[in-house]
Amino acid sequence: MTKNYQWFDTGRFGMFIHWGVYSMGAKYTWIKSIEKMTDEDYDRYVKHFEPDLFEPEKWAKLAKNAGMKYVVFTAKHHDGFCLFDSKLTDYKYQEKDLLKGVIDAFRNEGLKIGVYYSLPDWHHPNYPHDARHPQRGIGKECDFLPYRAYLHGQVREILSNYGKIDLLWFDGSYPDTAHIWDMDNLEKLCRELQEGILISRLPGHDDFDTPEQNIPQQGLFDKNGNPKHWEGCQVLHGEWCYTREKQWKTPAELLQMLIRHTSRGGNLLLNIGPTSRGALDEHTESLLESLGKWMKWHKKAIHNCCGAPAEFPEPEFCRYTWNPEKKRLYLHLFSWPDRRIDLPNLAGKVSYAQMLHDGSEIRFTENLYGNVNGPNVPADGALRLALPVTSPENCPLPVIELFLDK
Ligand code: GLC
């Protein structure tokens, strides 16, 4: 069974969307569990959920403009409330199929489609009261088999009723609940219904790793030292869903994040949390626009790129990304150096160098092995870039493109 990694490994950047009735609490996605709400307590959200400003077309345009290549949308989170038209429950938004709206809008913009589906369900009567359940410690025993059938049935619906689904993002398996899902058959079902699909967070059955709010310093490798496929998920302001209080990351921090993922062979799945009415707050919109502005000039240094070959160590405060097909090396400068920067082991390998954003030449000198050493000569084997005194205007995170096509 072939798994379609091509789009995943070249796209590098996706939009995560956490949206549901928990957005009304405007505190945390886990509000029902954290505040130990009963179904009755939580019903105030379910009953008053009114997404009158639902505009997936706008989300999709912002994502595309920011250079994102795929979306992952929460069809059902741990609270069990469905944002899709499941025939297996009434615990869903009844007016329209919100998942369909999202899928249509993002597909229309040419993005790949991922669906987030929570394995736990804090509403289903046959879901056990595990350690994270809102009613934890109360009425623990139950027959989970009807829940398993429901879960498989809903996955079947999602993978049958919406055309091509490229990715299914499961979430919420813990060692104490892993036996509930029947993972062998769940995986089989996914692969039967959607050829090439990628699966995440189904322990032992998934196709890539998903570090959360933490970027592996050197990337991720399997037992034999081969690089793994991976995707880091990150938040804009400290929580997954919309919150009233926010601690925003800056555009420069988010861009560094994207570069740090790409330079280690991973993807960045960047989360947004629309308001309960279905709109994006202005700050989220403007952050996405800032990313789009940078990506307009720099996307060549992200899409189709991975980490640089190990023979090229990164200079201080820099990251490399590398397009192996075109043999272009991108030097991302997290801080602007004093007039020059030395790049180890690149002497004799570069035919041309330029600033990526405006295609303006950067001249360089080289010290090929065996040359004379001296205080003003780059180290053996190094290539020295001569840089302008100050960083380019209006260009956070400048990038130098090096052509290694000699
Ligand atoms: C964590 C959170 C969950 C969220 C997920 C996204 O697992 O518990 O609420 O959806 O991260 O990665």
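These numbers come from the heavy atoms of this one structure, side chains and all, not from hydrogens, waters or symmetry mates. As the structure lists them, so they are numbered: ligands from 1, and atoms in each ligand from 1.
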| field | W181 ring center near F170 ring center (under 6.0 Å) | value | no
| request: Give the residue and atom name of whichever protein heavy atom lies nearest to atom 1 (C) of ligand 1, and the separation in Å to one decimal. | output: E212 OE2, 3.0 Å
| message | Between Y42 and Y45, is the ring centroid distance below 6.0 Å? | response | yes
| said: I need the single residue from D79, D41, D39 that forms a salt bridge (Lys or Arg N to Asp or Glu O under 4.0 Å) with K32. Which is it? | reply: D39
| request: Just jot down the ligand 1 atoms closer than 4.0 angstrom to any heavy atom of C233, in number order. | output: 12 (O)
| Quick one: does ligand 1 sit under 4.0 Å from the side chain of E231, the backbone, both or neither, non-hydrogen atoms only? | neither
| task | Give the residue, atom name and distance (to 0.1 Å) of the protein heavy atom nearest atom 9 (O) of ligand 1. | result | W30 NE1, 2.8 Å
| query | For ligand 1, which atoms have a heavy atom of W169 less than 4.0 angstrom away? | reply | 12 (O)
With a cut-off of 3.5 Å and sequence neighbours excluded, list every side-chain donor-acceptor pair involving residues 58-68.
unit_1	atom_1	unit_2	atom_2	d
K58	NZ	E285	OE2	3.4
K61	NZ	E109	OE2	3.4

With a 3.5 Å cut-off and sequence neighbours excluded, list the donor-acceptor pairs that the side chains of residues 217-225 form with protein atoms.
unit_1	atom_1	unit_2	atom_2	d
D222	OD1	N224	N	2.9
D222	OD1	G225	N	3.1
D222	OD1	N226	N	2.9

| Per-atom contacts of ligand 1 with Y116, taking only distances under 4.0 Å to non-hydrogen atoms | 10 (O)
| Protein contact of atom 10 (O) of ligand 1 - nearest heavy atom, named by residue and atom, plus distance | H18 NE2, 2.6 Å
| Is the closest heavy atom of R201 to ligand 1 under 4.0 Å? | yes
| field | Option from D206, D207, D166 for which salt bridge (Lys or Arg N to Asp or Glu O under 4.0 Å) with K3 holds | value | D207
| request: May I ask you to list the atoms of ligand 1 that are less than 4.0 angstrom from any heavy atom of D171? | output: 3 (C), 4 (C), 5 (C), 7 (O), 10 (O)
| request: Answer with yes or no after comparing the ring centroid distance for W294 and H357 against a 6.0 Å cut-off, counting only values under it. | output: no
